[in-house]
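Heads up, the thing below is written out as structure tokens.
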Protein chains: 2
Amino acid sequence: MSLSHALLGLLAERPASGYDLVKRFDQSLAAVWPATQSQVYTELNRLADGGLITVVAEGPRGRKEYTTTPAGLTELRRWLTETRPRPERRNEQMLGVFLLGALSHEEAVAYLTNVESGAVAEAAQLAALRDETEWDDSPGSVYGRLVLEWGIRVTEIRRDWARWAVGQVKVRAASISEGVPDEPGPW
Amino acid sequence: MSLSHALLGLLAERPASGYDLVKRFDQSLAAVWPATQSQVYTELNRLADGGLITVVAEGPRGRKEYTTTPAGLTELRRWLTETRPRPERRNEQMLGVFLLGALSHEEAVAYLTNVESGAVAEAAQLAALRDETEWDDSPGSVYGRLVLEWGIRVTEIRRDWARWAVGQVKVRAASISEGVPDEPGPW
DNA sequence: TGAACCATGTAAACAGTTACATGATTAA
DNA sequence: TTAATCATGTAACTGTTTACATGGTTCA
């Protein structure tokens, strides 16, 4: 399961509590593997039961700091080197595009325009994050930077694709209404 | 739920049985919204119970052909026009990249090289599909074509990104071992 | 002393996967 | 007559989301 490996990886970098981890999921990791508070705490207990992580410190308010055990690190490394994840596909936005035949051309264009403006906004946000973050040579920083760059590139091509797609739909709409134009030419 | 809307959309195009729909999921729709046989049949019964689809014909071997009802079409159109899906993020491959700090530089490079070769293979497959399919002006064809183009573009930038990322990791590896080179220069 | 934040947990519902089970029809 | 294909369904499990529940600590 990916969530457990995400936790193993984060705890291998440095010890943290469930509370800390939830914040890291909300901030940096949300982009590739979102997880809720509920899931994180449940999974931490499961990993601790399995001996892949262990409590290294207890703090106020019942705070428990975990770290990855040698067994946990072995499992993480096995997962990273021996399994090849199929590139995850599930994309609700593109499913919508696939079903756009149920709408008028105008509505389809609106859908795609919405995809475009969403991409523009997100690209700006990600680029700002890239520019405002102080990157260093630590693994978390180097690989986090790679993932962020991936996010930026994907968002940019989503924007470009949406613009192209709008054009495609308009061409189709025009060619269909060719014989019966709404507005005849001036001659 | 997305699966139900996918089914509403497919059945709005033309009537089909569960068996037909499973095949369509495996073929064209797998790229954006995979679904299992088990899921499809269960969901069809749920949609029929809710009056969003209805049986229009029965065939041999208990075959039931469904079509989308007016209520179903309304719901589909509402979903397409009124909900704005957050661009789905969950990406196991990129989660792996994020956690690459648990591996050596060499292993990390191997991981990224694997991402690249996977993308190369997939891009070839998708481009072949694009070139071999006979596209027409039906909505299913037009919008299917848009989604396929999206898949091709994403795959191509995954390939390019992976090449760039390998370079980035090698630069880091080199700068870290700078003071202690394995192979000293010839002077 | 009250608001903001720190901190962990459980329950219920929903979504998705894997495996099993059954049987009809068609074509070699 | 038997293998391939058509066709539908259920059960058990795993993963994910939403909501609820509880209480400690810090700071203005």
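Every chain is numbered from 1, with letters handed out A, B, ... down the list of sequences.
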Rounded to whole Å, how long is the line connecting atom [atom1] of [X] with atom [atom2] of [N]?
X       : N      : atom1 : atom2 : answer
A:Glu58 : D:dT25 : CD    : C1'   : 17 Å
A:Glu92 : C:dA15 : CD    : C1'   : 12 Å
A:Asp26 : D:dT16 : CG    : C1'   : 15 Å
A:Lys64 : C:dC6  : NZ    : C1'   : 15 Å
A:Glu43 : D:dT17 : CD    : C1'   : 15 Å
A:Asp20 : C:dA7  : CG    : P     : 7 Å
A:Leu21 : C:dT8  : CG    : C1'   : 13 Å
A:Tyr66 : C:dA7  : OH    : P     : 13 Å

Would you say a side-chain N or O of [X] is under 4.0 Å from OP1 or OP2 of [N]?
X       : N      : answer
A:Arg63 : C:dC6  : no
A:Tyr19 : C:dC6  : yes
B:Lys23 : D:dA7  : no
B:Arg90 : D:dT17 : yes

Interatomic distance, [X] atom [atom1] to [Y] atom [atom2] [nearest 0.5 angstrom]:
X       : Y       : atom1 : atom2 : answer
B:Leu10 : B:Leu21 : CG    : CG    : 6.0 Å
A:Arg24 : A:Glu13 : CZ    : CD    : 5.0 Å
A:Met1  : A:Leu47 : CE    : CG    : 7.5 Å

If you assign A:Gln37 and B:Trp33 each to the DNA chain C nucleotide with the nearest heavy atom, which residue ends up on the more 5' nucleotide?
A:Gln37
Counting side-chain heavy atoms from C-beta on, which of [options] comes nearest to [X]?
X       : options               : value
B:Gln39 : C:dT17, D:dA7, D:dT18 : C:dT17
A:Tyr41 : D:dA7, C:dG9, D:dT17  : C:dG9
A:Leu3  : D:dT16, D:dT8, C:dG9  : D:dT16
A:Ser38 : C:dT25, C:dA11, C:dT8 : C:dA11

Is the NZ or CZ atom of B:Arg90 positioned over A:Trp33's six-membered ring, under 6.0 angstrom from the centre and within 45° of the axis?
yes
Indicate whether any N or O donor in one side chain lies under 3.5 Å from an N or O acceptor in the other, for A:Thr81 and B:Glu107.
no
Between B:Leu44 and A:Met1, the residue closer to the 5' end of DNA chain D by nearest nucleotide is B:Leu44
Report the residue (B:Arg61 or A:Pro34) whose heavy-atom-nearest nucleotide on DNA chain D is the more 5′ of the two.
B:Arg61
Indicate, with a heavy-atom threshold strictly under 4.0 Å, whether B:Ser17 touches base, sugar-phosphate, or nothing.
sugar-phosphate
